[in-house]
There are 2 protein chains.
Amino acid sequence: MFAFTTQQMAGHRQSVVTTAAALVPLPFGATCPQHTTFYGPGCEIFAQGEAAGQLYQVEFGAVRVYRLLSDGRRQISAFYMPGEVFGFEGDTVHHFFAEAIVGTSIRSFRASQLNDASHILLPMTLRGLTRAQEHLLVLGRQTAAERVAAFLLDLAHRQGGLEQIDLPMSRMDIGDYLGLTIETVSRVFSRLKAKGIIALPSLRTAEILKWKTLEAMSD
Amino acid sequence: MFAFTTQQMAGHRQSVVTTAAALVPLPFGATCPQHTTFYGPGCEIFAQGEAAGQLYQVEFGAVRVYRLLSDGRRQISAFYMPGEVFGFEGDTVHHFFAEAIVGTSIRSFRASQLNDASHILLPMTLRGLTRAQEHLLVLGRQTAAERVAAFLLDLAHRQGGLEQIDLPMSRMDIGDYLGLTIETVSRVFSRLKAKGIIALPSLRTAEILKWKTLEAMSD
DNA sequence: CGGGGGCTTGACGCACCTCAAGACAAGTGG
DNA sequence: CCACTTGTCTTGAGGTGCGTCAAGCCCCCG
């Protein structure tokens with residue numbers, strides 16, 4: 001379907017600019033100059049300290065946005081899936097890192113060139129704020145099992161409510177999003193599977209078998 | 001200075017509307033119909049599920065905004081101090097609870113009546129988003145001591161960078177903000193005090209003695 | 001002076017982390 | 001096509017930081 005070679009997909013942390021069409025209508029109804037870029041797995045989209053001001057919309061693939069402590073501890077503040085927009089910053093400089101998780105195509109454009117910018121940006125930013133604040137409850141007050149349950153349900157909803165869930169991110173990424181280690185994430189997955197609540201057809205796929213049970217777990 | 005009696009300050013979870021002056025200029029440069037309300041300690045400002053749309057600015061006092069799990073676990077997502085604004089919601093309905101911590105005076109007004117609303121709201125919302133995302137790192141990846149250090153430094157900065165810090169909130173509130181129990185918060189305070197990094201002149205006052213040490217701890 | 005709520009301190013337990021070994025999948029070269 | 005490598009994931013055993021439970025203390029207020 002997409003004309004990228006295996007080599008490009010493998011990526012070696014390189015990105016490939018594929019197009020630069022101007023004034024294409026954006027999915028959320030605005031128009032402005034933009035272009036589409038392909039990022040290989042692990043490829044950096046922006047880094048902490050870099051100039052901000054661009055917005056990014058995932059076309060296909062997946063993105064992680066995170067912060068680091070000086071000793072390397074990492075907290076992923078959000079994953080972004082196809083259709084979702086990220087890159088908002090209150091500052092002129094990025095406070096976070098953003099990387100493609102798998103081969104990812106991203107549309108970008110300057111926020112300032114958006115017609116009627118704040119009118120469109122405010123609701124998106126508000127949604128992001130609410131999501132972040134809800135995630136605070138998960139990190140501050142929920143157990144490992146509750147965190148994983150909430151994570152799976154969130155992903156399922158964002159992927160259209162199907163039982164089959166695509167997990168583009170590694171166990172390490174999931175751990176760094178949920179404030180857990182990879183071992184704990186893996187153990188919870190195994191326990192959920194043993195109880196017949198989920199199935200794991202492959203490493204990067206999960207299937208929710210007992211939706212209600214999982215929902216009851218997540219709070 | 002403020003003409004509230006001790007009884008009003010004690011509050012018994014009651015609020016007292018003190019005025020309703022229209023079209024007073026707001027500190028951030030806008031004007032719109034507004035009024036000022038006094039809330040006693042513990043008094044609810046809005047609740048989860050209630051209609052949203054109002055914005056609130058703390059005049060004096062302090063506010064906690066939080067979410068609850070069904071079994072009563074609480075996560076405070078933010079404290080608001082004099083001058084700060086809260087109440088943004090992406091939805092028509094509140095997803096959070098807001099309460100006065102101590103006797104608190106609050107200006108409120110409809111967001112929709114703000115002239116040039118989104119132009120003013122967007123930067124404030126963005127700042128809130130960045131703050132929330134930074135707090136995710138604290139909750140997901142920092143130890144108890146690091147959390148408390150970060151909390152004290154944040155409060156100190158927001159109170160003008162003085163060493164003397166006013167702690168309007170209880171240990172319970174601090175714990176529910178940092179994802180810790182009151183016992184752990186108390187133990188960390190005691191240890192910081194024993195090491196001469198902070199002083200605790202009273203229960204609700206802290207003083208930073210070794211600023212650098214505390215900053216080194218918080219990351 | 002005598003409650004009472006919030007805070008501190010201690011002893012103990014447990015959920016999650018650390019460390020380590022092994023399993024599995026995918027790629028690589030002979 | 002099959003050894004061998006490499007990276008990710010799983011599983012186990014043991015350790016630890018923080019939670020739980022339980023006294024006791026300290027203010028504050030009556």
Side-chain angles (χ1 to χ4, degrees), chain A residues 5-7 9-13 41-42 69 71-75 101-103 138-149 167-194 198-206 217, chain B residues 5-7 9-13 41-42 64 69 71-75 101-103 138-149 151 167-194 198-206 217:
Chain A
T5 67
T6 309
Q7 198 176 24
M9 292 298 287
H12 300 84
R13 300 187 170 257
L69 289 172
D71 62 2
R73 280 174 290 175
R74 184 178 70 156
Q75 178 65 43
I101 295 174
V102 291
V138 175
L139 294 186
R141 287 299 178 213
Q142 301 207 161
T143 65
E146 291 169 336
R147 295 181 201 205
V148 171
L167 300 172
M169 66 292 285
S170 68
R171 299 292 188 265
M172 175 102 259
D173 288 334
I174 298 173
D176 284 349
Y177 176 65
L178 297 178
L180 301 170
T181 59
I182 52 176
E183 293 94 330
T184 299
V185 172
S186 181
R187 275 185 256 268
V188 172
F189 273 160
S190 299
R191 222 171 304 138
L192 289 176
K193 186 178 161 188
I198 64 169
L200 296 169
S202 82
L203 269 180
R204 299 295 169 94
T205 318
M217 284 182 67
Chain B
T5 67
T6 309
Q7 197 174 25
M9 293 297 286
H12 300 83
R13 299 187 169 259
R64 59 177 168 248
L69 289 172
D71 62 1
R73 281 175 290 176
R74 183 177 72 156
Q75 178 64 44
I101 295 173
V102 293
V138 174
L139 294 188
R141 288 299 179 212
Q142 301 209 159
T143 65
E146 290 169 336
R147 296 180 200 205
V148 171
F151 170 69
L167 301 171
M169 66 292 285
S170 67
R171 299 294 189 264
M172 175 104 261
D173 288 333
I174 298 173
D176 284 350
Y177 175 66
L178 297 178
L180 301 170
T181 60
I182 52 177
E183 292 94 330
T184 299
V185 171
S186 181
R187 275 186 257 266
V188 172
F189 273 161
S190 299
R191 223 171 304 140
L192 290 176
K193 186 177 161 189
I198 64 169
L200 296 168
S202 82
L203 269 181
R204 298 295 169 94
T205 318
M217 285 183 66

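Every heavy atom of this structure was used, including side-chain atoms; hydrogens, water molecules and symmetry mates were not. Residue numbers begin at 1 in each chain, while the letters A, B, ... track the order of the sequences.
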| CZ of A:Arg171 to CG of A:Asp176: how many Å apart, nearest 0.5 Å? | 13.5 Å
| task | Rounded to the nearest angstrom, tell me the gap between atom CZ in B:Arg171 and atom C1' in C:dC7. | result | 7 Å
| Would you call B:Glu146 and B:Leu178 a side-chain contact if the rule is heavy atoms closer than 4.5 Å? | no
| message | Could you tell me if the side chain of B:Thr143 sits less than 4.5 Å from the side chain of B:Met217, heavy atoms only? | response | no
| field | Close residues, residues 178-187 of chain A, relative to DNA chain D [heavy-atom separation under 4.0 Å] | value | A:Glu183, A:Ser186, A:Arg187
| Interatomic distance, B:Met172 CE vs C:dC7 P [rounded to whole Å] | 10 Å
| Reported CD1-to-OG1 distance for the pair A:Ile174 and A:Thr181, which is rounded to 0.5 angstrom | 12.0 Å
| Inter-residue atom distance A:Ser186.OG - A:Leu203.CG, 0.5 Å rounding | 9.0 Å
| query | With a 4.0 Å cut-off on heavy atoms, is A:Thr143 in touch with a base, just the backbone sugar-phosphate, or nothing at all? | reply | sugar-phosphate
| Between B:Ile174 (CD1) and C:dC7 (C1'), how many Å, whole number? | 11 Å
| task | Please state how far atom CD in A:Gln142 lies from atom C1' in C:dA15, giving the value in whole angstrom units. | result | 15 Å
| query | If you look at every strand shown and take non-hydrogen atoms under 4.0 Å, does A:Arg204 touch a base, only sugar-phosphate, or nothing? | reply | sugar-phosphate
| request: Could you pull out the closest heavy-atom pair between B:Phe189 and B:Val148, with the gap in Å? | output: CE2-CG1, 3.6 Å
| Does the side chain of A:Tyr177 come within less than 4.5 Å of A:Met169's, by heavy atoms? | no
| request: Tell me, please, the opening and closing nucleotides of DNA chain D, 5' to 3', among those with an atom under 4.0 angstrom from a non-hydrogen atom of chain B. | output: D:dC18 to D:dC21
| Value rounded to 0.5 Å, distance of CZ in A:Arg147 from CZ in A:Arg141 | 10.5 Å
